[in-house]
Participant: 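Dumping the structure here so I can ask a few things about it.
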Amino acid sequence: MLSQLRDMIWSDWIWFPEGHGWADLKNHGGHVFPQTQDLWATIPIAFCFLIIRQIFERKVAIPLASLLGVSDKQRVCAPPNPTLESYFCSTSKHPTQSSIDSLSKQTGCSVRQVQRWFRRRRNQDRPSKLKKFQEASWRFTFYLLAFFAGLAVLVDKPWFYDMKQMWDDFPKMPLLTSQYWYYMIELGFYISLLFSIASDVKRKDFKEQVVHHVATILLISFSWLVNYIRAGTLIMLVHDAADYLMESAKMFNYAGWRRTCNFIFTVFAAVFIVTRLVILPFWIIHTTWVYPLTLYRPFLGYYFFNGLMFVLQLLHIFWAGLIVRMVIKFLPGNDIVEDERSDKEETESEDEDDSRERREKSIINGHVLNGHTPLNSKHWKRD
């Protein structure tokens with residue numbers, strides 16, 4: 001039963017155009033073709049990346065952060081409070097006003113004190129600037145090396161300049177050694193990101209990031225299985241072209257290098273829009289979606305591959321919107337670029353208002369006790 005189901009799922013007519021099938025991908029005549037079992041090599045590669053990352057962040061990223069002047073401001077910790085801690089861990093990190101009133105009565109604290117406790121407690125759980133820098137520097141290093149490695153793999157290939165040639169003699173295109181390692185390393189890296197996503201800095205687009213990683217892994221794996229290798233290498237190169245610029249902009253942002261960050265981010269925005277919103281849809285997707293119909297009748301594998309491509313393209317449009325918003329924000333005022341996806345740390349402004357209120361009352365009471373007229377609070381605030 002299971003063997004029949006497996007044979008049906010991997011039928012030639014599902015994954016290949018008419019007249020072609022898995023038999024075309026058997027090694028023969030000294031030519032090597034991608035094999036399903038090759039993908040198992042990406043698992044140990046992913047674990048190697050996780051180990052290398054830990055070493056890199058400790059031995060390279062931390063000294064680099066110190067060199068660039070990355071520093072964290074001291075956070076005020078929330079005082080121990082079992083009742084509030086229990087509510088924070090088991091119920092909600094953002095209590096409603098009615099819950100705050102109830103917790104105020106249970107703990108004997110004022111409403112403002114409960115609000116301040118939750119704000120400080122949330123800040124304690126937020127990743128430090130150093131952790132963000134470590135993560136950005138690791139991704140920057142990989143994406144930079146991967147981009148230039150991809151260029152080295154593709155620059156002498158004819159389909160790099162004429163994308164229609166990615167379908168020449170499909171699927172009987174022999175696998176090159178450079179393509180093998182490019183695929184294994186890229187896929188291993190994305191699998192490592194999926195493994196570490198729970199411990200990485202969580203951003204507002206966390207769900208979109210998970211979808212992106214899963215879609216990317218499926219896309220790379222599927223393109224390997226059915227020998228869409230030429231299309232796959234072009235897609236990976238286009239993605240790596242902008243990613244290292246974004247990560248470097250983050251690094252200088254955390255270091256407080258305002259002008260450098262703004263300049264790199266502007267370059268990143270331009271490269272992202274050109275590669276993800278122009279080259280990818282109008283060159284690559286056009287060559288995988290429209291051009292094959294002039295050669296073959298559509299088949300399920302064709303729809304599956306292009307469906308994943310459209311998922312990635314929708315995510316690119318979503319992120320392009322965030323990027324444009326950031327560009328609009330920082331250009332007029334020449335401010336530091338802030339990642340729209342980041343969960344910003346809450347300030348202690350309310351605490352400062354409380355302190356000012358207490359000082360004001362103290363001054364007012366002081367004048368009353370000494371027989372003077374109370375000071376007008378409006379004048380105090382104006383000063």
Side-chain angles (χ1 to χ4, degrees), residues 34 36-61 64 131-154 175-203 205-206 208-225 228-251 268 271-272 275-276 280 284 308-309 311-312 315-316 319 341:
T36 304
Q37 60 268 24
D38 294 338
L39 294 178
W40 289 110
T42 61
I43 302 300
I45 290 175
F47 281 109
C48 286
F49 271 125
L50 293 175
I51 296 171
I52 294 171
R53 175 177 175 174
Q54 296 299 317
I55 298 172
F56 176 90
E57 290 185 353
R58 290 191 180 96
K59 302 297 183 180
V60 178
L64 182 60
K131 178 176 173 56
K132 292 178 181 179
F133 181 89
Q134 289 175 286
E135 182 180 314
S137 60
W138 164 247
R139 296 192 183 197
F140 162 76
T141 302
F142 176 82
Y143 290 136
L144 180 67
L145 295 175
F147 174 67
F148 284 104
L151 275 180
V153 169
L154 289 168
L175 176 66
L176 305 176
T177 303
S178 58
Q179 292 173 328
Y180 173 85
W181 285 110
Y182 188 31
Y183 253 78
M184 294 298 107
I185 291 173
E186 284 273 357
L187 185 54
F189 179 75
Y190 279 105
I191 293 174
S192 74
L193 290 184
L194 200 58
F195 287 161
S196 64
I197 199 167
S199 59
D200 285 345
V201 175
K202 287 184 175 60
R203 305 182 187 278
D205 64 343
F206 175 78
E208 290 81 2
Q209 284 283 350
V210 173
V211 172
H212 175 269
H213 293 340
V214 172
T216 301
I217 291 169
L218 288 176
L219 185 64
I220 296 174
S221 300
F222 176 73
S223 64
W224 177 268
L225 291 176
Y228 287 0
I229 301 294
R230 295 179 179 179
T233 52
L234 290 171
I235 294 166
M236 291 188 293
L237 182 69
V238 164
H239 278 74
D240 292 335
D243 286 341
Y244 72 90
L245 291 169
M246 180 60 183
E247 299 302 332
S248 62
K250 289 181 188 177
M251 292 167 63
F268 158 75
V271 173
F272 185 96
T275 56
R276 308 285 183 93
L280 185 65
I284 298 179
L308 293 173
M309 293 289 289
V311 169
L312 289 180
L315 290 172
H316 296 156
W319 283 317
R341 304 173 301 154

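Computed from a predicted model, the values in this text were never measured in an experiment.
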Participant: Do you know which two heavy atoms are closest between Ala241 and Thr275, and how far apart they sit?
Facilitator: CB-CG2, 4.1 Å
Participant: Is there a side-chain contact between Phe56 and Ser137, using heavy atoms and a 4.5 Å cut-off?
Facilitator: yes
Participant: Without swapping roles, check the side chain of Gln134 against the backbone of Glu57 for a donor-acceptor pair under 3.5 Å.
Facilitator: yes
Participant: Look up atom CE in Met309 and atom CG in Leu280, then write down how far apart they are to the nearest 0.5 Å.
Facilitator: 4.5 Å
Participant: Take the angle between the ring planes of His316 and Phe272 and call it parallel below 30°, perpendicular above 60°, tilted in between.
Facilitator: perpendicular
Participant: Would you say the ring centroid of Phe49 lies under 6.0 angstrom from that of Phe195?
Facilitator: no
Participant: Parallel, tilted or perpendicular, judged at 30° and 60°: which one describes the rings of His212 and His239?
Facilitator: tilted
Participant: Walk me through whether Tyr244 and Val271 qualify under side chain to side chain contact (heavy atoms under 4.5 Å, CB included).
Facilitator: CA-CA 11 Å; Tyr244 72 90; Val271 173; over 6 Å; no
Participant: Please evaluate residues Leu144 and Phe147 with respect to the criterion side chain to side chain contact (heavy atoms under 4.5 Å, CB included), reporting the C-alpha separation (whole Å), side-chain torsions for both, the decisive distance (0.1 Å), and the verdict.
Facilitator: CA-CA 5 Å; Leu144 180 67; Phe147 174 67; 5.7 Å; no
Participant: Hey, are the side chains of Phe142 and Ile185 touching, using non-hydrogen atoms and a 4.5 Å cut-off?
Facilitator: yes
Participant: With under 30° as parallel and over 60° as perpendicular, where do the rings of Trp138 and Phe189 fit, or are they tilted in between?
Facilitator: tilted
Participant: Using the side-chain hydrogen bond (donor to acceptor under 3.5 Å, both in side chains) rule, collect all pairs that involve residues 175-198, keeping only residues at least two apart or in two chains.
Facilitator: Arg53-Ser196, Tyr183-Ser223, Ser196-Asp200
Participant: Between Glu135 and Lys132, does the salt bridge (charged side-chain N to carboxylate O under 4.0 Å, His left out) criterion hold? Intermediate values first, please.
Facilitator: CA-CA 5 Å; Glu135 182 180 314; Lys132 292 178 181 179; over 6 Å; no
Participant: From Leu194 CG over to Ile217 CD1, what is the distance, rounded to the nearest 0.5 angstrom?
Facilitator: 4.5 Å
Participant: Can you tell me how far the CH2 atom of Trp40 sits from the CD1 atom of Ile45, to the nearest 0.5 Å?
Facilitator: 14.0 Å
Participant: So, taking the atom named CD1 in Ile191 and the one named OG1 in Thr42, what distance separates them when rounded to the nearest 0.5 Å?
Facilitator: 3.5 Å
Participant: Could you check Ile220 against Met236 for side chain to side chain contact (heavy atoms under 4.5 Å, CB included), going step by step and ending with a plain yes or no?
Facilitator: CA-CA 9 Å; Ile220 296 174; Met236 291 188 293; 3.9 Å; yes
Participant: Any chance you could measure Leu187, atom CG, to Asp38, atom CG, to the nearest 0.5 Å?
Facilitator: 11.5 Å
Participant: Specify the closest pair of heavy atoms between Asp240 and Ala146, including all atoms of both residues, with the distance to one decimal.
Facilitator: OD2-CB, 3.5 Å
Participant: What distance do Leu39 atom CG and Met184 atom CE have between them, rounded to the nearest 0.5 Å?
Facilitator: 5.5 Å
